[in-house]
Amino acid sequence: MGADWIRRHGTDILRIHAEDAAFLLTQRDLALETPNHRLIDIYDLEQRLQGHLDALVLAHEAGCETAGPLAQDDPSGAAAAVLLHVALRQQRPAGVEVALAAATDWRPMGHAAAWCGADLLGTVMPRWIASREPVLRWIAFDICGRNRVDPRGHLQPGLEDRDPQVRARAIRLAGEVGRVDCRDFVAAEAGTEADIAAVLLGDGARAARLAEAATFPTAPGPARRAAELFPLALRPPAAQEAIRALLGRPATRRWGIVALGALGSAQVLPWLADAMEDPLDARVAVSAFETITGVHVAHDGLERAIFPDEPENPAIDGDPGETLIEAATPWPDVERVRDWLSTHAARLPTGERLLFGLAAWTFTGPPEPWLRFQSRHRAVALTQAMRRPEAPLPNWRSPVRLSGGSFTRTW
(Lines give C-alpha, C1' and ligand atoms only; values in the text may rest on other atoms or scores of the structure.)
Protein backbone atom coordinates (compact mmCIF):
# COMPACT_ATOMS: atom_id res chain seq x y z
CA MET A 1 0.00 0.00 0.00
CA GLY A 2 1.80 3.12 -1.22
CA ALA A 3 1.79 6.65 0.11
CA ASP A 4 -0.13 7.96 -2.92
CA TRP A 5 -2.96 5.47 -2.43
CA ILE A 6 -3.18 6.35 1.25
CA ARG A 7 -3.26 10.06 0.44
CA ARG A 8 -6.12 9.55 -2.06
CA HIS A 9 -8.24 7.04 -0.19
CA GLY A 10 -7.07 6.65 3.36
CA THR A 11 -7.39 10.09 4.95
CA ASP A 12 -10.56 9.22 6.86
CA ILE A 13 -9.07 5.92 8.04
CA LEU A 14 -5.88 7.60 9.21
CA ARG A 15 -7.87 10.24 11.03
CA ILE A 16 -9.69 7.51 12.94
CA HIS A 17 -6.34 5.92 13.80
CA ALA A 18 -5.01 9.27 15.08
CA GLU A 19 -8.13 10.06 17.10
CA ASP A 20 -8.28 6.58 18.61
CA ALA A 21 -4.57 6.65 19.46
CA ALA A 22 -5.01 9.97 21.30
CA PHE A 23 -8.00 8.59 23.19
CA LEU A 24 -6.25 5.35 24.16
CA LEU A 25 -3.11 7.18 25.23
CA THR A 26 -5.21 9.13 27.72
CA GLN A 27 -7.15 6.05 28.80
CA ARG A 28 -3.99 4.05 29.45
CA ASP A 29 -2.63 6.68 31.81
CA LEU A 30 -5.92 6.65 33.74
CA ALA A 31 -6.34 2.86 33.68
CA LEU A 32 -2.94 2.31 35.32
CA GLU A 33 -4.31 3.68 38.61
CA THR A 34 -7.76 2.08 38.75
CA PRO A 35 -9.15 -0.65 41.03
CA ASN A 36 -10.75 -2.66 38.21
CA HIS A 37 -8.08 -2.93 35.48
CA ARG A 38 -6.13 -6.20 35.39
CA LEU A 39 -2.89 -6.94 33.54
CA ILE A 40 -4.91 -8.50 30.71
CA ASP A 41 -7.01 -5.33 30.43
CA ILE A 42 -3.91 -3.13 30.33
CA TYR A 43 -2.34 -5.46 27.74
CA ASP A 44 -5.45 -5.25 25.56
CA LEU A 45 -5.49 -1.46 25.81
CA GLU A 46 -1.78 -1.22 25.02
CA GLN A 47 -2.06 -3.50 22.00
CA ARG A 48 -4.88 -1.41 20.59
CA LEU A 49 -2.84 1.75 21.17
CA GLN A 50 0.20 0.19 19.51
CA GLY A 51 -1.87 -0.85 16.51
CA HIS A 52 -3.16 2.67 15.88
CA LEU A 53 0.30 4.18 16.27
CA ASP A 54 1.83 1.59 13.95
CA ALA A 55 -0.80 2.32 11.30
CA LEU A 56 0.10 6.02 11.35
CA VAL A 57 3.82 5.27 11.18
CA LEU A 58 3.37 2.88 8.24
CA ALA A 59 1.41 5.55 6.37
CA HIS A 60 4.64 7.45 5.69
CA GLU A 61 4.26 11.24 5.49
CA ALA A 62 0.47 10.89 5.36
CA GLY A 63 0.58 9.77 9.01
CA CYS A 64 2.13 13.04 10.14
CA GLU A 65 -0.03 15.05 7.74
CA THR A 66 -3.15 13.55 9.31
CA ALA A 67 -2.02 13.86 12.91
CA GLY A 68 -0.77 17.45 12.52
CA PRO A 69 -4.12 19.28 12.21
CA LEU A 70 -5.61 17.22 15.04
CA ALA A 71 -2.72 18.28 17.27
CA GLN A 72 -3.55 21.91 16.64
CA ASP A 73 -7.19 21.46 17.66
CA ASP A 74 -6.89 19.20 20.73
CA PRO A 75 -6.68 21.11 24.05
CA SER A 76 -5.83 17.93 25.97
CA GLY A 77 -2.43 17.60 24.30
CA ALA A 78 -3.00 13.91 23.49
CA ALA A 79 -3.18 14.46 19.72
CA ALA A 80 0.07 16.44 19.82
CA ALA A 81 1.60 13.51 21.70
CA VAL A 82 0.49 11.11 18.97
CA LEU A 83 2.10 13.36 16.36
CA LEU A 84 5.31 13.45 18.40
CA HIS A 85 5.42 9.65 18.56
CA VAL A 86 4.78 9.23 14.84
CA ALA A 87 7.29 11.92 13.84
CA LEU A 88 9.96 10.41 16.08
CA ARG A 89 9.54 6.94 14.61
CA GLN A 90 9.49 8.33 11.07
CA GLN A 91 12.50 10.54 11.85
CA ARG A 92 10.74 13.72 10.72
CA PRO A 93 12.17 16.67 12.70
CA ALA A 94 9.59 19.05 11.24
CA GLY A 95 6.78 16.91 12.64
CA VAL A 96 8.47 16.88 16.04
CA GLU A 97 8.61 20.68 15.99
CA VAL A 98 4.91 20.94 15.10
CA ALA A 99 4.03 18.56 17.93
CA LEU A 100 6.10 20.47 20.48
CA ALA A 101 4.59 23.80 19.41
CA ALA A 102 1.05 22.37 19.74
CA ALA A 103 1.61 20.78 23.16
CA THR A 104 -0.72 22.38 25.71
CA ASP A 105 0.00 19.71 28.33
CA TRP A 106 3.41 18.10 28.60
CA ARG A 107 2.25 14.92 30.35
CA PRO A 108 0.92 13.10 27.27
CA MET A 109 4.11 14.07 25.41
CA GLY A 110 6.31 12.13 27.81
CA HIS A 111 3.92 9.18 27.69
CA ALA A 112 3.92 9.02 23.88
CA ALA A 113 7.67 9.51 23.58
CA ALA A 114 8.34 6.79 26.16
CA TRP A 115 6.27 4.43 23.98
CA CYS A 116 9.00 4.58 21.31
CA GLY A 117 11.65 1.88 21.27
CA ALA A 118 14.77 2.04 23.42
CA ASP A 119 17.07 2.26 20.41
CA LEU A 120 15.23 5.28 19.05
CA LEU A 121 15.11 6.98 22.45
CA GLY A 122 18.84 6.42 22.80
CA THR A 123 19.42 8.66 19.80
CA VAL A 124 17.37 11.62 21.10
CA MET A 125 17.68 11.49 24.88
CA PRO A 126 21.23 12.93 25.11
CA ARG A 127 20.09 15.99 23.14
CA TRP A 128 16.76 16.39 24.89
CA ILE A 129 17.98 16.12 28.45
CA ALA A 130 20.51 18.91 27.83
CA SER A 131 18.27 20.97 25.53
CA ARG A 132 17.63 24.68 25.91
CA GLU A 133 13.91 23.95 25.47
CA PRO A 134 12.16 23.27 28.81
CA VAL A 135 9.59 20.98 27.18
CA LEU A 136 12.34 18.69 25.85
CA ARG A 137 14.10 18.56 29.21
CA TRP A 138 10.78 17.76 30.89
CA ILE A 139 10.00 14.98 28.39
CA ALA A 140 13.46 13.50 28.88
CA PHE A 141 13.04 13.36 32.66
CA ASP A 142 9.53 11.96 32.27
CA ILE A 143 10.81 9.17 30.01
CA CYS A 144 13.42 8.34 32.64
CA GLY A 145 10.76 8.25 35.34
CA ARG A 146 8.35 6.08 33.37
CA ASN A 147 11.13 3.58 32.65
CA ARG A 148 12.88 3.92 36.05
CA VAL A 149 16.14 4.95 34.35
CA ASP A 150 18.65 6.94 36.40
CA PRO A 151 19.87 9.94 34.36
CA ARG A 152 22.98 10.04 36.56
CA GLY A 153 24.85 13.32 36.13
CA HIS A 154 21.94 14.97 34.35
CA LEU A 155 19.69 14.81 37.42
CA GLN A 156 21.41 17.49 39.51
CA PRO A 157 21.08 20.17 36.80
CA GLY A 158 17.41 19.18 36.56
CA LEU A 159 16.96 19.66 40.30
CA GLU A 160 18.33 23.20 39.85
CA ASP A 161 16.45 23.94 36.61
CA ARG A 162 15.07 27.44 36.27
CA ASP A 163 11.82 26.15 34.79
CA PRO A 164 9.50 25.13 37.67
CA GLN A 165 7.85 22.30 35.71
CA VAL A 166 11.20 20.78 34.76
CA ARG A 167 12.50 21.14 38.31
CA ALA A 168 9.35 19.49 39.75
CA ARG A 169 9.67 16.58 37.31
CA ALA A 170 13.34 16.13 38.20
CA ILE A 171 12.47 16.13 41.90
CA ARG A 172 9.83 13.47 41.34
CA LEU A 173 12.33 11.46 39.28
CA ALA A 174 14.83 11.49 42.16
CA GLY A 175 12.28 9.63 44.28
CA GLU A 176 11.31 7.26 41.48
CA VAL A 177 14.87 6.06 40.84
CA GLY A 178 16.08 6.02 44.46
CA ARG A 179 18.67 8.78 44.27
CA VAL A 180 19.35 8.99 48.00
CA ASP A 181 22.47 11.05 47.24
CA CYS A 182 20.07 13.86 46.28
CA ARG A 183 17.95 13.56 49.45
CA ASP A 184 19.33 16.66 51.17
CA PHE A 185 18.82 18.75 48.05
CA VAL A 186 15.26 17.45 47.62
CA ALA A 187 14.56 18.04 51.31
CA ALA A 188 15.50 21.70 50.91
CA GLU A 189 12.83 22.17 48.25
CA ALA A 190 9.25 23.17 49.05
CA GLY A 191 6.03 21.67 47.73
CA THR A 192 4.18 18.38 47.56
CA GLU A 193 6.42 16.84 44.89
CA ALA A 194 9.48 17.51 47.05
CA ASP A 195 7.71 16.11 50.13
CA ILE A 196 6.73 12.89 48.33
CA ALA A 197 10.18 12.43 46.77
CA ALA A 198 11.91 13.07 50.10
CA VAL A 199 9.71 10.46 51.84
CA LEU A 200 10.48 7.91 49.11
CA LEU A 201 14.16 8.67 49.68
CA GLY A 202 13.86 7.89 53.40
CA ASP A 203 13.30 11.34 54.93
CA GLY A 204 10.91 10.55 57.78
CA ALA A 205 10.69 14.17 58.89
CA ARG A 206 9.09 15.11 55.59
CA ALA A 207 6.43 12.46 56.12
CA ALA A 208 5.08 14.43 59.08
CA ARG A 209 5.06 17.58 56.97
CA LEU A 210 3.35 15.75 54.12
CA ALA A 211 0.60 14.61 56.51
CA GLU A 212 -0.21 18.06 57.91
CA ALA A 213 -3.98 18.58 57.54
CA ALA A 214 -3.72 22.37 57.26
CA THR A 215 -1.35 22.20 54.29
CA PHE A 216 -2.52 18.91 52.77
CA PRO A 217 -2.64 18.92 48.94
CA THR A 218 -5.94 20.11 47.50
CA ALA A 219 -5.61 18.60 44.01
CA PRO A 220 -6.91 14.99 43.96
CA GLY A 221 -3.84 13.50 42.25
CA PRO A 222 -1.20 14.75 44.72
CA ALA A 223 -3.61 14.27 47.63
CA ARG A 224 -4.05 10.56 46.88
CA ARG A 225 -0.30 10.06 46.45
CA ALA A 226 0.36 11.78 49.78
CA ALA A 227 -2.40 9.88 51.61
CA GLU A 228 -1.17 6.50 50.38
CA LEU A 229 2.43 7.26 51.31
CA PHE A 230 2.71 9.05 54.65
CA PRO A 231 1.16 6.24 56.78
CA LEU A 232 3.95 3.97 55.53
CA ALA A 233 6.67 6.36 56.69
CA LEU A 234 5.36 7.51 60.08
CA ARG A 235 5.20 5.45 63.24
CA PRO A 236 1.62 4.20 63.80
CA PRO A 237 0.72 6.63 66.63
CA ALA A 238 1.88 9.63 64.59
CA ALA A 239 0.13 8.35 61.49
CA GLN A 240 -3.09 7.80 63.43
CA GLU A 241 -2.99 11.32 64.83
CA ALA A 242 -2.43 12.78 61.35
CA ILE A 243 -5.29 10.71 59.93
CA ARG A 244 -7.66 11.88 62.67
CA ALA A 245 -6.87 15.46 61.71
CA LEU A 246 -7.58 14.74 58.04
CA LEU A 247 -10.86 13.01 58.90
CA GLY A 248 -11.91 16.01 60.97
CA ARG A 249 -11.82 18.41 58.02
CA PRO A 250 -14.44 18.13 55.23
CA ALA A 251 -11.87 19.13 52.61
CA THR A 252 -9.48 16.32 53.58
CA ARG A 253 -11.85 13.64 54.89
CA ARG A 254 -11.61 11.58 51.69
CA TRP A 255 -7.82 11.48 51.93
CA GLY A 256 -8.00 10.52 55.59
CA ILE A 257 -10.01 7.45 54.55
CA VAL A 258 -7.46 6.64 51.84
CA ALA A 259 -4.75 6.93 54.49
CA LEU A 260 -6.61 4.48 56.75
CA GLY A 261 -6.34 1.89 54.01
CA ALA A 262 -2.60 2.49 53.74
CA LEU A 263 -2.22 2.31 57.53
CA GLY A 264 -3.52 -1.24 57.41
CA SER A 265 -4.93 -1.58 60.92
CA ALA A 266 -7.68 -4.17 61.42
CA GLN A 267 -9.04 -2.01 64.23
CA VAL A 268 -10.43 0.55 61.78
CA LEU A 269 -12.52 -1.95 59.81
CA PRO A 270 -15.76 -1.42 61.80
CA TRP A 271 -15.35 2.33 61.38
CA LEU A 272 -14.90 1.90 57.62
CA ALA A 273 -18.06 -0.22 57.46
CA ASP A 274 -19.94 2.60 59.22
CA ALA A 275 -18.46 5.14 56.78
CA MET A 276 -19.98 3.16 53.90
CA GLU A 277 -23.41 4.41 55.03
CA ASP A 278 -22.53 7.88 53.68
CA PRO A 279 -22.78 8.09 49.85
CA LEU A 280 -19.84 10.50 49.72
CA ASP A 281 -17.61 8.18 51.72
CA ALA A 282 -18.99 4.79 50.70
CA ARG A 283 -16.70 3.87 47.82
CA VAL A 284 -13.49 5.36 49.16
CA ALA A 285 -14.22 3.43 52.37
CA VAL A 286 -14.66 0.29 50.24
CA SER A 287 -11.22 0.83 48.72
CA ALA A 288 -9.64 1.22 52.17
CA PHE A 289 -11.51 -1.84 53.47
CA GLU A 290 -10.36 -3.92 50.48
CA THR A 291 -6.76 -2.75 50.87
CA ILE A 292 -6.67 -3.93 54.46
CA THR A 293 -8.61 -7.18 54.12
CA GLY A 294 -8.01 -8.36 50.54
CA VAL A 295 -11.73 -8.89 50.01
CA HIS A 296 -13.21 -7.68 46.72
CA VAL A 297 -16.65 -6.25 47.36
CA ALA A 298 -17.93 -6.78 43.80
CA HIS A 299 -16.52 -10.28 43.28
CA ASP A 300 -17.24 -11.58 46.79
CA GLY A 301 -20.97 -10.84 46.84
CA LEU A 302 -20.82 -7.70 48.99
CA GLU A 303 -22.03 -5.23 46.36
CA ARG A 304 -25.41 -3.52 46.34
CA ALA A 305 -27.96 -4.87 43.87
CA ILE A 306 -29.26 -1.38 43.05
CA PHE A 307 -26.86 1.55 42.88
CA PRO A 308 -27.86 4.97 44.23
CA ASP A 309 -27.61 8.15 42.19
CA GLU A 310 -24.11 9.52 41.81
CA PRO A 311 -23.61 12.18 44.51
CA GLU A 312 -21.81 15.45 43.87
CA ASN A 313 -18.40 15.06 45.44
CA PRO A 314 -16.38 18.26 45.84
CA ALA A 315 -13.30 16.28 46.87
CA ILE A 316 -13.06 14.83 43.37
CA ASP A 317 -13.93 18.13 41.69
CA GLY A 318 -14.04 16.75 38.16
CA ASP A 319 -10.55 15.24 38.29
CA PRO A 320 -10.50 12.55 35.55
CA GLY A 321 -8.27 10.12 37.45
CA GLU A 322 -10.12 10.28 40.74
CA THR A 323 -13.49 10.26 38.99
CA LEU A 324 -12.53 7.02 37.21
CA ILE A 325 -11.29 5.47 40.46
CA GLU A 326 -14.57 6.35 42.15
CA ALA A 327 -16.68 5.06 39.27
CA ALA A 328 -14.74 1.78 39.15
CA THR A 329 -15.22 1.11 42.87
CA PRO A 330 -18.32 -0.92 43.79
CA TRP A 331 -21.20 0.35 45.92
CA PRO A 332 -21.26 -1.74 49.10
CA ASP A 333 -24.14 -3.55 50.70
CA VAL A 334 -23.24 -2.40 54.19
CA GLU A 335 -25.01 -5.18 56.05
CA ARG A 336 -23.27 -7.82 53.97
CA VAL A 337 -19.94 -6.10 54.61
CA ARG A 338 -20.63 -6.17 58.35
CA ASP A 339 -21.60 -9.85 58.16
CA TRP A 340 -18.37 -10.61 56.31
CA LEU A 341 -16.40 -8.74 58.94
CA SER A 342 -18.03 -10.56 61.83
CA THR A 343 -17.16 -13.87 60.17
CA HIS A 344 -13.61 -13.11 59.07
CA ALA A 345 -12.22 -10.54 61.51
CA ALA A 346 -10.79 -13.17 63.86
CA ARG A 347 -8.74 -14.66 61.01
CA LEU A 348 -6.88 -11.43 60.25
CA PRO A 349 -3.35 -11.16 61.70
CA THR A 350 -3.14 -8.91 64.74
CA GLY A 351 -0.37 -6.53 65.70
CA GLU A 352 0.65 -6.20 62.04
CA ARG A 353 0.17 -3.71 59.28
CA LEU A 354 -2.17 -5.56 56.95
CA LEU A 355 -2.12 -5.47 53.17
CA PHE A 356 -4.85 -7.46 51.41
CA GLY A 357 -5.42 -9.63 54.46
CA LEU A 358 -1.77 -10.55 55.04
CA ALA A 359 1.08 -9.03 56.99
CA ALA A 360 2.47 -6.31 54.74
CA TRP A 361 6.05 -7.45 55.23
CA THR A 362 5.27 -10.71 53.42
CA PHE A 363 4.98 -8.95 50.05
CA THR A 364 8.32 -9.26 48.28
CA GLY A 365 9.05 -9.09 44.57
CA PRO A 366 6.50 -8.64 41.77
CA PRO A 367 2.82 -9.08 42.74
CA GLU A 368 1.51 -12.62 42.55
CA PRO A 369 -1.28 -13.41 40.06
CA TRP A 370 -4.04 -13.19 42.68
CA LEU A 371 -3.25 -9.47 43.06
CA ARG A 372 -4.92 -8.81 39.76
CA PHE A 373 -5.75 -5.13 39.84
CA GLN A 374 -3.69 -2.03 39.14
CA SER A 375 -4.52 -0.29 42.43
CA ARG A 376 -3.28 -3.37 44.30
CA HIS A 377 -0.04 -3.35 42.34
CA ARG A 378 0.39 0.30 43.34
CA ALA A 379 -0.10 -0.50 47.02
CA VAL A 380 2.47 -3.31 46.86
CA ALA A 381 4.93 -1.04 45.04
CA LEU A 382 4.71 1.70 47.68
CA THR A 383 5.05 -0.85 50.49
CA GLN A 384 8.22 -2.27 48.97
CA ALA A 385 9.64 1.16 48.12
CA MET A 386 9.60 2.26 51.76
CA ARG A 387 11.86 -0.65 52.73
CA ARG A 388 14.66 0.32 50.33
CA PRO A 389 14.85 4.06 49.66
CA GLU A 390 17.99 3.54 47.58
CA ALA A 391 16.20 1.26 45.10
CA PRO A 392 13.96 2.39 42.24
CA LEU A 393 10.26 2.61 43.00
CA PRO A 394 8.74 -0.67 41.72
CA ASN A 395 7.06 0.11 38.43
CA TRP A 396 3.36 -0.75 38.53
CA ARG A 397 2.90 1.44 35.42
CA SER A 398 5.30 -0.39 33.07
CA PRO A 399 3.97 -1.96 29.85
CA VAL A 400 2.44 -5.42 30.09
CA ARG A 401 3.80 -8.28 28.00
CA LEU A 402 2.69 -11.82 27.31
CA SER A 403 5.30 -14.36 28.43
CA GLY A 404 4.89 -18.13 28.63
CA GLY A 405 1.11 -17.90 28.43
CA SER A 406 0.75 -15.35 31.24
CA PHE A 407 0.85 -11.60 31.55
CA THR A 408 3.73 -9.90 33.29
CA ARG A 409 5.64 -6.62 33.41
CA THR A 410 9.05 -5.31 34.41
CA TRP A 411 8.68 -4.63 38.11
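Bear in mind that the values here come from a model prediction, so they are computed numbers and not experimental data.
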Ionic contact status for Asp274 with Arg338, cut-off 4.0 Å: yes
Here the salt bridge (Lys or Arg N to Asp or Glu O under 4.0 Å) pairs for residues 207-222, sequence neighbours left out, are Asp195-Arg209
Is Arg378 reaching over with its side chain to a backbone N or O of Glu33, donor-acceptor style, under 3.5 angstrom? yes
Any residue meeting side chain to side chain donor-acceptor pair (under 3.5 Å) with Asp300, in chain and number order, not counting sequence neighbours: none
So does Ile143 get a backbone contact from the side chain of Asn147, meaning a donor-acceptor N/O pair under 3.5 Å? yes
For residues 80-87, please give each side-chain donor-acceptor pair under 3.5 Å, one per line with the distance, not counting sequence neighbours.
residue: His85; atom: ND1; partner: Ala112; partner atom: O; Å: 3.0
residue: His85; atom: NE2; partner: Arg89; partner atom: NH1; Å: 3.1

Side chain to side chain contact (heavy atoms under 4.5 Å, CB included) involving Thr323 - partner list, sequence neighbours excluded: Ile316
Show me the pairs that pass side-chain hydrogen bond (donor to acceptor under 3.5 Å, both in side chains) and involve residues 232-253, at least two apart or across chains. Arg253-Asp281
Taking atom types as modelled and ignoring hydrogens, do the side chains of His377 and Arg372 form a donor-acceptor contact shorter than 3.5 angstrom? no
So does Ala251 get a backbone contact from the side chain of Arg254, meaning a donor-acceptor N/O pair under 3.5 Å? no
State plainly whether the residues Arg336 and Glu303 are in salt-bridge range, i.e. N to O under 4.0 Å. no
Between side-chain atoms of residues 149-156 and protein atoms elsewhere (two or more places apart, or another chain), which donor-acceptor pairs fall under 3.5 Å?
residue: Asp150; atom: OD1; partner: Arg152; partner atom: N; Å: 2.8
residue: Asp150; atom: OD1; partner: Arg179; partner atom: NH1; Å: 2.8
residue: Gln156; atom: NE2; partner: Glu160; partner atom: OE2; Å: 3.1

salt_bridge(Glu335, Arg304) N-O dist < 4.0 Å: no
Report all side-chain donor-acceptor pairs from residues 386-395 shorter than 3.5 Å, counting only partners two or more places apart or in another chain.
residue: Arg387; atom: NH1; partner: Phe363; partner atom: O; Å: 2.6
residue: Arg387; atom: NH2; partner: Ala360; partner atom: O; Å: 2.8
residue: Arg387; atom: NH2; partner: Phe363; partner atom: O; Å: 3.1
residue: Arg388; atom: NE; partner: Glu390; partner atom: OE2; Å: 3.2
residue: Asn395; atom: OD1; partner: Arg397; partner atom: N; Å: 3.1
residue: Asn395; atom: OD1; partner: Ser398; partner atom: N; Å: 3.3
residue: Asn395; atom: ND2; partner: Arg146; partner atom: O; Å: 2.8

Which salt bridge (Lys or Arg N to Asp or Glu O under 4.0 Å) pairs, counting each pair once, include a residue from residues 127-139, with sequence neighbours left out? Arg137-Asp161
Taking Thr362 for its side chain and Leu358 for its backbone only, find out whether a donor-acceptor pair lies under 3.5 Å. no
Heavy-atom closest contact (Met109 atom, Gly77 atom, distance): SD-O, 4.4 Å
Provide the full list of ring pair (Phe, Tyr, Trp, His ring centres under 6.0 Å) pairs with a residue in residues 28-52, sequence neighbours left out, each pair given once. His17-His52, Tyr43-Phe407
Does Ala227 have any side chain to side chain contact (heavy atoms under 4.5 Å, CB included) partners at least two apart in sequence or in another chain, and if so, which? Phe216, Trp255, Val258, Ala259
Do Arg38 and Asp41 meet the salt-bridge criterion of a basic N to acidic O distance under 4.0 Å? yes
For the pair Thr291 and Arg376, evaluate side-chain hydrogen bond (donor to acceptor under 3.5 Å, both in side chains) and give the outcome as yes or no after the intermediate values. CA-CA 7 Å; Thr291 299; Arg376 300 194 174 200; over 6 Å; no
Contacts of Leu324 that satisfy side chain to side chain contact (heavy atoms under 4.5 Å, CB included) - sequence neighbours left out: Leu30, Thr34
Phe356 and His296: aromatic ring centres closer than 6.0 Å? no
Side-chain donor-acceptor pair present, Trp115, Gln50, cut-off under 3.5 Å: yes
Under the ring pair (Phe, Tyr, Trp, His ring centres under 6.0 Å) test, which residues partner Trp340, sequence neighbours left out? Phe289, His344
Could you tell me whether a side-chain N or O of Thr104 sits under 3.5 Å from a main-chain N or O of Pro75, the two making a donor and an acceptor? yes
Between Arg169 (side chain) and Trp138 (backbone), is there a donor-acceptor pair under 3.5 Å? no
Side-chain (Arg183) to main-chain (Leu201) donor-acceptor, under 3.5 angstrom: yes
Under 3.5 Å: donor-acceptor pair, side chain of Arg206, backbone of Ala187: yes
